[in-house]
Novice: 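Before we start, here is the structure in question, set down as structure tokens.
Labels below follow one simple rule: chain letters A, B, ... track the order of the sequence lines, proteins then strands, and each chain is numbered from 1. Below, each value reflects all heavy atoms present in this structure, side chains not excepted, and no hydrogens, waters or symmetry copies.
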Amino acid sequence: ETGVTQTPRHLVMGMTNKKSLKCEQHLGHNAMYWYKQSAKKPLELMFVYSLEERVENNSVPSRFSPECPNSSHLFLHLHTLQPEDSALYLCASSQDSSSGYEQYFGPGTRLTVT
Amino acid sequence: TQLLEQSPQFLSIQEGENLTVYCNSSSVFSSLQWYRQEPGEGPVLLVTVVTGGEVKKLKRLTFQFGDARKDSSLHITAAQPGDTGLYLCAGNAGNNRKLIWGLGTSLAVNP
């Protein structure tokens, strides 16, 4: 595998379910991100981890819980979601540099909450 | 609130035509990135511009960063169906990991 991978690619879950999204980066980068992409909205940054430490949490509801066990893996644990949480969830990685934190994205998980 | 406005929002053209899309802000950015996103996939980085007035070329794509580092443009020459996608710009205002994103320009190139 190369680049950034995400699983699953598609997920349908009820509001009472618990599920997890997984992301793995094979680029040797030192930072990982979770973004939410919804129609007619800019990409919303949810969480940032640098060297496994959470450095950014953009007022995300507690029903989203991130986990970063090491610099290559990132999880997003989901529980008691709402229909408005349906969106494309993108994972990205970057390497701190003078070029402005260029993001390398995975293919995303299309989440539908019913 | 820092905003990046992209225009046009939608563009549908015929193969072989030229086009320019814009990314504008009232804020100054230390760097600005352009990405292309195809349906069902994540955005893919095309280029980063850092210096005011900088011009970068990537095959038929020409990127320019405004002199004041508040705006940028992307020009595509002789567009091809493979250029179809959502073009996103993202600015870095404070040299940190939190980028400011535009809504994107959705480009369709018809054969």
Novice: Less than 4.5 Å to any heavy atom of chain B: does that hold for the side chain of A:Q6, its backbone, both, or neither?
Specialist: neither
Novice: In terms of hydrophobic clusters joined by side-chain contacts under 4.5 Å, are B:Y22 and B:F29 together?
Specialist: no
Novice: Counting heavy atoms not belonging to A:K22, are there more than 12 under 6.0 Å from its NZ?
Specialist: no
Novice: Output the option from B:Q9, B:E38, B:K98 having the highest count of non-hydrogen pairs under 4.5 Å with chain A.
Specialist: B:K98
Novice: Using heavy-atom distances under 4.5 Å, tell me whether B:Q6 contacts chain A through its side chain, its backbone, both, or neither.
Specialist: neither
Novice: So if you build clusters from Ile, Leu, Val, Met, Phe, Trp, Tyr with side-chain heavy-atom gaps below 4.5 Å, do B:L61 and B:V55 land together?
Specialist: no
Novice: State, yes or no, whether a side-chain contact exists between A:L90 and B:E41 at a heavy-atom distance under 4.5 Å.
Specialist: no
Novice: Roughly how far, to the nearest 0.5 Å, is the OH atom of A:Y101 from the OG1 atom of B:T48?
Specialist: 13.0 Å
Novice: Go through A:R110, A:E44, A:R9 and name the one with the most non-hydrogen pairs under 4.5 angstrom from chain B.
Specialist: A:R9
Novice: Are B:V109 and B:L46 joined in one hydrophobic group, where the rule is that I, L, V, M, F, W and Y side chains link up if heavy atoms are under 4.5 Å apart?
Specialist: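 Yes, B:V109 and B:L46 fall within the same hydrophobic cluster.
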Novice: Would you call B:N92 and A:E102 a side-chain contact if the rule is heavy atoms closer than 4.5 Å?
Specialist: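 Heavy-atom side-chain distance check fails, nothing below 4.5 Å.
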Novice: Please determine, among B:G40, B:G42, B:P43, the option with the most heavy-atom pairs under 4.5 Å with chain A.
Specialist: B:P43
Novice: By a 4.5 Å heavy-atom criterion (distance strictly below it), what part of A:L43 contacts chain B: side chain, backbone, both, or neither?
Specialist: both
Novice: Take atom CD of B:E5 as the centre, draw a 6.0 Å sphere, and report whether it contains more than 12 heavy atoms from other residues, nucleotides or ligands.
Specialist: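 Atom CD in B:E5 is not crowded, with 12 or fewer foreign heavy atoms closer than 6.0 Å.
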Novice: With clusters defined by side-chain heavy atoms of hydrophobic residues (ILVMFWY) lying less than 4.5 Å apart, directly or transitively, does A:Y35 cluster with A:Y49?
Specialist: no
Novice: A:V113, A:L88: one ILVMFWY side-chain cluster at the under-4.5 Å cut-off?
Specialist: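 A:V113 and A:L88: separate clusters.
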Novice: Going by distance alone, is a donor N or O of one side chain under 3.5 Å from an acceptor N or O of the other, for B:Q33 and A:Q103?
Specialist: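 No.
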Novice: Quick one about A:S94 and B:R97 (side-chain donor to acceptor, distance below 3.5 Å, no hydrogens or angles considered), yes or no?
Specialist: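 Looking only at side-chain atoms, A:S94 and B:R97 do not form any donor-acceptor pair under 3.5 Å.
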Novice: Check for a donor-acceptor pair, side chain of A:Y104 on one end and backbone N or O of B:L45 on the other, with a separation under 3.5 Å.
Specialist: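 Not confirmed, A:Y104 side chain does not pair with B:L45 backbone.
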